[in-house]
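A quick write-up on the structure given underneath.
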4 protein chains.
Amino acid sequence: MAKPKGRKKGSDEKPKLLRRGPDRRRQIVAAASQLFARKGFEGTSIREIAAASGVLSGSLYYHFPSKEDLLFTVHQESLTAMRREVEAAIADVTEPWARLEEAIVAHCRILLGGSVTRAILTPPRYYNLQGVRKLVRQRDEYERIFARLIDDLPLKADCDRHAFRLSMLGAMNWTVFWFSAGGRLSVDDVGRQIALMVRGAALERPRK
Amino acid sequence: MAKPKGRKKGSDEKPKLLRRGPDRRRQIVAAASQLFARKGFEGTSIREIAAASGVLSGSLYYHFPSKEDLLFTVHQESLTAMRREVEAAIADVTEPWARLEEAIVAHCRILLGGSVTRAILTPPRYYNLQGVRKLVRQRDEYERIFARLIDDLPLKADCDRHAFRLSMLGAMNWTVFWFSAGGRLSVDDVGRQIALMVRGAALERPRK
Amino acid sequence: MAKPKGRKKGSDEKPKLLRRGPDRRRQIVAAASQLFARKGFEGTSIREIAAASGVLSGSLYYHFPSKEDLLFTVHQESLTAMRREVEAAIADVTEPWARLEEAIVAHCRILLGGSVTRAILTPPRYYNLQGVRKLVRQRDEYERIFARLIDDLPLKADCDRHAFRLSMLGAMNWTVFWFSAGGRLSVDDVGRQIALMVRGAALERPRK
Amino acid sequence: MAKPKGRKKGSDEKPKLLRRGPDRRRQIVAAASQLFARKGFEGTSIREIAAASGVLSGSLYYHFPSKEDLLFTVHQESLTAMRREVEAAIADVTEPWARLEEAIVAHCRILLGGSVTRAILTPPRYYNLQGVRKLVRQRDEYERIFARLIDDLPLKADCDRHAFRLSMLGAMNWTVFWFSAGGRLSVDDVGRQIALMVRGAALERPRK
DNA sequence: TATGAATGAGTCTTCATTCAT
DNA sequence: CATGAATGAAGACTCATTCAT
C-alpha cells in the first residue's frame, strides 16, 4: 500500500537485544506465527517479523530463504505441535464423544493459548504461492485425526460426516477472530462450548 | 499526453461485455466482493479488481475514492443483502429451531451462491484501517439477528449463548474456505448440515 | 502525489451553477490564475481549476486544448493587463523616480489586488514545458518597461542597472508570498514601501 | 523476486562516483536541495532526486521516510548553514549598513554558490503539507537575524521595517531565478548590488 | 551470524486527457 | 457546450530480497 501513514525515524529500527543462538530461529517462527495469524500472510511484512524477533530484516534470510518458506515452517511446526497436543489429549479417553470433546479442547487451547505456535488455519489454497500443496497436505493430514474421531461417532443418518468435520473445524478455527483472553470464557471453556454445540448431531443422547 | 489506446473507433458495434453506466459500479463491487472473500483485503490488488471488472485500475477511482471505501461498500451491500435474505427466510416460520435453520441456510446460500454479494465476514478488527469501526458496527448489527434467534432457543443450562452464536457463525463463515460448487453437497445442503450439527445443544430432543 | 488525503464522495463534484457563455472562458482564466499563483503550476490540478470555474474537468478542454495552453493564456492575459495598468499609471508622470514609483505601485496593485489576473511571474524557464520560450518572451517584453524606466534614473556609477531591475522585480514579485490582505499595509502601501526602499530608505547618507 | 541487476560482481574495483555510507545522505540532501530550488517541491519527483543522487527511487526511503521529510531536512540544513554563514560574516562588522551588506552578500553567496545547501526559501505556506509550521518557524527564526540588523538601521520615518525586510529578502531570494553563474556578475556582486539598491542607489536625492 | 544499504518490481492513488452522448 | 466515464502514465511509497562487510 502506498499510504504514508506516519513518520518513521529510520527504516530498520534497532531492535532490543535478545538472546541469540538457536533460539533465534524459534523466536522468528514464534513471531511470524503470531503475526501471520493476526494480520494474514500478505498483511505481515518481513520487517515486522524481524522487529518482533529482535533482528534486522536482512538477518532473517540467514535462517529462512524466503517469506514463503517461513510460512511453511510456521505451518508445519504449528501443525506438529497441535497434533502432539491433540493426540496426547485423547490418548486415555475411549468414549467417542468424550474423545472428540478432548480433541476440540486441545485444538482450541493451542490455537488460542498465546503459545508460540498459532497456526494459520485459513486454508492456503487461495494464496498464489508455489508450494501450497505441501501446506495443504500437512493440514489435511492433521485434520484426518478429526475425521477418524468423527467416524467413530454415532451420528444421525442424514448427517454428512464430511460437512460435519469441516463445519466443526470452522467453528474451532474461527475462534481466533473473536476470542479475547481475559473475557468471561477461558480458552478451555471455548473448546467445551464448541463440543457441547457439536454434540447435537448424535443419533441418540443419554437421558439425563 | 494520455492517449486512450484501448478504445476502438468502430461505428455501431457496442461494447459487449463491458456495459457502462451504473452497472459498472455493481460490477466493481461484485468483483471486489469475490476477490476480497477469496484472497483477503491486502491480498487483493486494485488492478486485479479492475481487471475483473473490465476496466483499468485508474477507472476504479471514478467510482470509489479508495480501496478502503470499496471495502466498506462491499461490506455494507453484502450485509444488507444478507439481512434481507435472512429476514425473508424466517418471516413465515415460527418454531424456534426451524427459524434458526432457515436463517443458517439463507446465510450460507448468499455467502456461497456466487451471487454478486459475498460478504467478507472475517472480523476486520485486524485490519489497520481507519474506518473499521463502521464495519464492525454493521456486522454486529447483522449478527444480532442470530442472537435473537438463539435467545428463543431452548438450550441446555450450561450452554453459553454468546459462544454458541459465534461458534455457529464460525462454522457458517468458514464454509467459504472449503465449499466448492459442483461437489456432492449443494449450497443449501451445507446450510442444512450446519443446522443439523448445531441443533445438538437443545435441552431436550424428541425421541424418534 | 500518492497521498490519500481525505475521503471524497465522488470524483467530479457537481459544481454550483454559474453563468455560461463567453464568461466561462474568463472565469476559467481567472480561477487558473489564482490557483497557479497560489499553488504553482504542478501543484494545481485541472480538476481544481474546473471546480473553481463551475464546470467539470472535461469541459475545460472545450476552451483550452491543454493545461499548458491554459498557463500560456493566463500568463499572456496577466501580462497584458499588467502592462496596461502600468503604462496608464506612468502616463502623466514625468519625473523619473516618480515614474518608477507609480509603475511599482501599479505592478503590485494588480499582482496583489485579488483581481482576476494574477501573474505567475516565477520565471518559467524551469518548467520543462515545450512552449516556454513564448512565455519568456512575453515576460521579457513586459519587464522592458521597467528597464526603460530605470534607464532614465540617475544612478550611482557602481550600480548595475541590470541587477537593479531584477532585484527590484524580485522584491515586487515576492510580495505574493508574504502579503496578506487585511493586514496593516494596503496593497498600495506595499508598492510605496518598495519604491521607498529602492530609492534609498536611509535616513541620511554621508556626503561623499 | 527482487534480484539486483545493477550491481556488478567485479572483484576489487570500488564503485567510483557513488560512495556509500553517510555520504549518501548528504548527496541526497544536496540533490534534493538543488531540485527543489529549481523546480519546486511538487515539480520534483522522487525518482529525479534519486537519479541525481546515484541511487534508485526505493533507496531514498532508507534514508528518509518521506518526500516531505526530505524537504524538512533540506530546509533545516540549508537554514542552519545560512545562519552560520551570515553570522560569521557580520561578526566583526559594527557599522549597521555595513553589517547588513555583509549579511546580504553571505545570504546570496550560499544561496547561489552551488553549494550543497540551496534553500527553498519560497514560503511554504502554500504547500498543503502537514508539517509546514515547522518549516515556517525555522525560516522565521532565520529571518529574525535580518530583522535585528534592520532594527539597527537609521531609516526614514515613513519606512516600514517589516515591509523593508520582506522586500529585501524577496530581492535576495528571487536571485535564484535569474542569476546564472559565469555571467558578468559574480555571486558576490549580486549581493553587493542588492545591498547598494536597498541602501539607496540614487545618485543624489533632493534635499528635503 | 548479523547488519546496513541498496534494489526494483509492485502498490495505491492522482491526474491530464479523451470522447460518446 | 457540457458531462460522465474512462484511460494510462506517472507519482509516492512499500517490501521481499540481496550482499559486501
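Just so you know, these numbers come straight off a predicted model, no measurement behind them. We name chains A, B, ... by the order of the sequence lines, and we start the count at 1 in each one.
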Notebook entry, point to check: If you find the nucleotide of DNA chain F closest to B:L56 and the one closest to A:T44, which residue's nucleotide is nearer the 5' end?
Noted result: B:L56

Check: DNA chain E: C:S45 or D:G58, which has the more 5' nearest nucleotide?
Finding: D:G58

Check: Taking any strand in view, what nucleotide pairs with E:dA2 in a Watson-Crick or G-U wobble way, both distances under 3.5 Å?
Finding: F:dT21

Next item on the list: To the nearest Å, give me how far apart CG (A:D23) and C1' (E:dA2) are.
Entry: 16 Å

Margin query: Closest approach to the side chain of A:R24, judged atom by atom: which nucleotide of F:dA6, F:dC13, E:dA2 is it?
Written below: E:dA2

Next item on the list: Go through E:dT17, F:dA6, F:dC15 for me and flag the one nearest to the B:V55 side chain.
Entry: F:dA6

Check: Quick one: does A:R25's side chain get under 4.5 Å of A:I28's, heavy atoms only?
Finding: no

Checklist line | side-chain N/O B:Y61 vs E:dT14 OP1/OP2, d < 4.0 Å | finding: no

Checklist line | Integer-rounded Å distance: F:dC15 P and A:L35 CG | finding: 13 Å

Notebook entry, point to check: Among E:dA16, F:dC13, F:dA16, which nucleotide sits nearest the side chain of C:K67?
Noted result: E:dA16

Margin query: With a cut-off of less than 4.0 Å, is there a side-chain N or O of C:H63 near OP1 or OP2 of F:dA2?
Written below: yes

Check: Can you tell me the Watson-Crick or wobble partner of F:dA16, both distances under 3.5 angstrom?
Finding: E:dT7

Item checked: Length of the line joining A:I28:CD1 and E:dT1:C1', which is rounded to integer Å -> 11 Å

Notebook entry, point to check: Where do B:T44 and B:I49 come nearest, in terms of heavy atoms and distance?
Noted result: CG2-CG1, 3.6 Å

Checklist line | Atom-to-atom span, CG of A:L60 to P of F:dC15 - whole angstrom | finding: 14 Å

Check: Salt bridge check: are D:K39 and D:E48 linked by an N-O gap of less than 4.0 Å?
Finding: yes

Note to self: OP1 or OP2 of E:dA6 versus the side-chain N and O atoms of D:Y62: is any pair under 4.0 Å?
What the structure shows: no

Check: Which of the following nucleotides, E:dC15, F:dA16, F:dA12, is nearest to the side chain of D:I46?
Finding: F:dA12

Note to self: Check the phosphate of E:dT17 against C:R47, side-chain N and O only, distance under 4.0 Å to OP1 or OP2. Yes or no?
What the structure shows: no

Next item on the list: Kindly confirm or rule out a cation-pi arrangement of A:K67 over A:F41, judged by NZ or CZ under 6.0 Å from the six-membered ring centre and within 45° of its axis?
Entry: yes

Next item on the list: Tell me which nucleotide among F:dT7, E:dG4, E:dT13 gets nearest to the side chain of B:S59.
Entry: F:dT7

Notebook entry, point to check: Can you check whether A:V55's main-chain N or O pairs, donor with acceptor, with A:S59's side chain at less than 3.5 Å?
Noted result: no

Notebook entry, point to check: Can you check the C:Q27 CD to F:dA2 C1' distance for me, whole Å?
Noted result: 14 Å

Next item on the list: Give the rounded distance in Å between these two atoms: CD1 of C:I49 and C1' of E:dC15.
Entry: 12 Å

Next item on the list: Find the distance D:F64:CZ to E:dA6:P and express it as a whole number of Å.
Entry: 11 Å

